[in-house]
Amino acid sequence: QELAARTGLPRPTVSRFTHTLRKLNYLAYHERAGRYSLTPRVIELGHAAHVSTGIRDIARPAMEALSEIGAFSVALGVPSGLEIRYIELARRPEAIVLNLEVGALVPMLQTAIGRAYLAGLSQERRAEILSDLARADPALFAAQEEAVNAAVAGFEARGYAASMGGWWPELHAVATTISVADGADPLLLSVSGLSSVMTAERIREEYAPALMNSAQIIQSRMRRLYPD
């Protein structure tokens with residue numbers, strides 16, 4: 001009703017539009033608040049839409065705090081086809097390992113952030129995307145399939161996925177998901193750095209718990225803004 005009043009469009013037209021946008025995963029409905037919000041997928045429509053979501057304003061403080069505990073990069077991403085697009089980055093100057101900036105696309109199979117996305121999907125949806133990835137690059141899929149399955153199992157057990165040299169030999173990373181709204185694509189939060197910094201022990205004891213805590217902070221802030 002409010003959307004119809006604001007747009008001047010008939011309510012049946014607004015209903016059709018919102019139904020289509022929800023089906024395409026651009027719009028989420030928060031039942032308790034009786035409101036709609038844009039989902040992370042809308043960022044794919046352009047920078048203006050990205051800014052309008054307010055995602056960076058919500059996530060940036062937690063990302064900056066996370067980046068201060070180690071010489072690594074903190075990235076926030078969203079799925080983009082068969083890749084992951086970075087929508088925000090936080091890092092100390094000495095933490096630059098790969099020269100990636102906001103807007104960069106990274107592969108799904110080899111990276112922790114891509115594996116976290118796959119792990120957070122339903123089994124049916126994951127199978128669909130893995131099938132698409134296998135068709136797109138059979139050799140790469142065959143080389144990464146075992147590591148991806150292990151990352152999915154790790155995510156289910158610990159809440160985060162890892163890539164220890166899966167993309168670049170000296171790069172270690174862990175990532176997790178942030179639920180924005182029921183039925184919407186998640187946000188993806190990762191930390192990545194040199195293997196000499198992000199050792200398996202430090203990931204397990206220090207960096208992964210900090211990652212999970214930061215993801216929870218961001219998720220709580222977003223859920224308070226748009227409660228279900």
Side-chain angles (χ1 to χ4, degrees), residues 39-40 43 50-51 53-80 84-108 110-120 151 154-168 170-181 184-226:
T39 71
I43 294 168
H50 170 199
V51 173
T53 65
I55 287 173
R56 290 197 298 183
D57 292 339
I58 295 171
R60 184 76 193 179
M63 293 177 66
E64 288 182 339
L66 180 57
S67 72
E68 288 301 314
I69 72 170
F72 48 64
S73 296
V74 181
L76 191 70
V78 293
S80 177
I84 304 297
R85 186 180 299 279
Y86 284 170
I87 62 171
E88 186 61 299
L89 289 165
R91 59 197 174 198
R92 302 196 320 224
E94 68 270 25
I96 296 177
V97 180
L98 298 175
N99 190 25
L100 297 174
E101 300 297 338
V102 171
L105 287 168
V106 300
M108 194 172 291
Q110 305 99 299
T111 61
I113 199 168
R115 292 172 181 177
Y117 171 63
L118 291 168
F155 182 94
E156 292 172 349
R158 299 182 295 270
Y160 63 89
S163 175
M164 312 294 273
W167 189 20
W168 295 99
E170 297 301 318
L171 184 70
H172 286 184
V174 288
T176 192
T177 58
I178 299 170
S179 176
V180 178
D185 277 336
L187 288 169
L188 306 161
L189 186 68
S190 76
V191 295
S192 58
L194 291 173
S195 56
S196 58
V197 174
M198 294 192 61
T199 63
E201 181 179 2
R202 295 200 74 177
I203 287 173
R204 183 176 61 254
E205 300 295 333
E206 184 178 358
Y207 298 148
L211 168 76
M212 300 294 289
N213 183 62
S214 297
Q216 186 59 51
I217 289 171
I218 296 169
Q219 180 170 299
S220 296
R221 288 173 177 168
M222 298 197 73
R223 290 283 184 165
R224 283 199 298 271
L225 183 63
Y226 293 110

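Side chains are part of it too, since the values below use all heavy atoms of this structure and drop only hydrogens, waters and symmetry mates.
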Side chain to side chain donor-acceptor pair (under 3.5 Å) partners of Glu64, counting only residues at least two apart: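 Partners of Glu64 under the side chain to side chain donor-acceptor pair (under 3.5 Å) test: Arg60.
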
Which residues share a side chain to side chain donor-acceptor pair (under 3.5 Å) with Thr199, sequence neighbours left out: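 Per chain and number, Thr199 pairs via side chain to side chain donor-acceptor pair (under 3.5 Å) with no residue.
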
Just by distance, do the side chain of [X] and the backbone of [Y] share a donor-acceptor pair under 3.5 Å?
{"X": "Thr176", "Y": "Gly159", "result": "yes"}
{"X": "Gln219", "Y": "Ser179", "result": "yes"}
{"X": "Arg91", "Y": "Val74", "result": "no"}

What distance separates [X] [atom1] from [Y] [atom2], expressed to the nearest 0.5 Å?
{"X": "Ser163", "Y": "Trp168", "atom1": "OG", "atom2": "CH2", "result": "12.5 Å"}
{"X": "Leu89", "Y": "Ser67", "atom1": "CG", "atom2": "OG", "result": "10.5 Å"}
{"X": "Ile69", "Y": "Glu206", "atom1": "CD1", "atom2": "CD", "result": "5.5 Å"}
{"X": "Thr177", "Y": "Tyr160", "atom1": "OG1", "atom2": "OH", "result": "14.0 Å"}
{"X": "Leu194", "Y": "Glu170", "atom1": "CG", "atom2": "CD", "result": "7.0 Å"}
{"X": "Arg221", "Y": "Asp57", "atom1": "CZ", "atom2": "CG", "result": "11.5 Å"}

Could you pull out all residues at least two apart from [X] that satisfy side chain to side chain contact (heavy atoms under 4.5 Å, CB included)?
{"X": "Glu205", "value": "Glu201"}
{"X": "Thr111", "value": "Val106, Pro107, Ile113, Trp167"}
{"X": "Ala119", "value": "Val152, Phe155"}

Residue pairs, two or more places apart or on separate chains, that pass salt bridge (Lys or Arg N to Asp or Glu O under 4.0 Å) and touch residues 110-120: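 Every pair satisfying salt bridge (Lys or Arg N to Asp or Glu O under 4.0 Å) with a residue in residues 110-120: there are none.
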
Tabulate below the donor-acceptor pairs under 3.5 Å that side-chain atoms of residues 207-216 make, not counting sequence neighbours, or state none.
from   : atom 1 : to     : atom 2 : distance (Å)
Tyr207 : OH     : Arg202 : NH1    : 3.4
Tyr207 : OH     : Arg202 : NH2    : 3.3
Ser214 : OG     : Ala210 : O      : 3.0
Gln216 : NE2    : Ser220 : OG     : 3.2

Derivation and outcome, side chain to side chain contact (heavy atoms under 4.5 Å, CB included), residues Asp185 and Val78: CA-CA 8 Å; Asp185 277 336; Val78 293; over 6 Å; no

So, for [X] and [Y], which heavy atoms are closest and what is the spacing to 0.1 Å?
{"X": "Ala116", "Y": "Ala161", "answer": "N-CB, 3.7 Å"}
{"X": "Ile84", "Y": "Pro79", "answer": "CD1-CA, 3.9 Å"}
{"X": "Ala75", "Y": "Tyr86", "answer": "CB-CE2, 3.6 Å"}

Steps toward side chain to side chain contact (heavy atoms under 4.5 Å, CB included) verdict (Ile87, Leu187): CA-CA 10 Å; Ile87 62 171; Leu187 288 169; 4.0 Å; yes

Partners meeting salt bridge (charged side-chain N to carboxylate O under 4.0 Å, His left out) with Glu68 (sequence neighbours left out):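 Counting only residues at least two positions away or on another chain, Glu68 forms no salt bridge (charged side-chain N to carboxylate O under 4.0 Å, His left out).
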
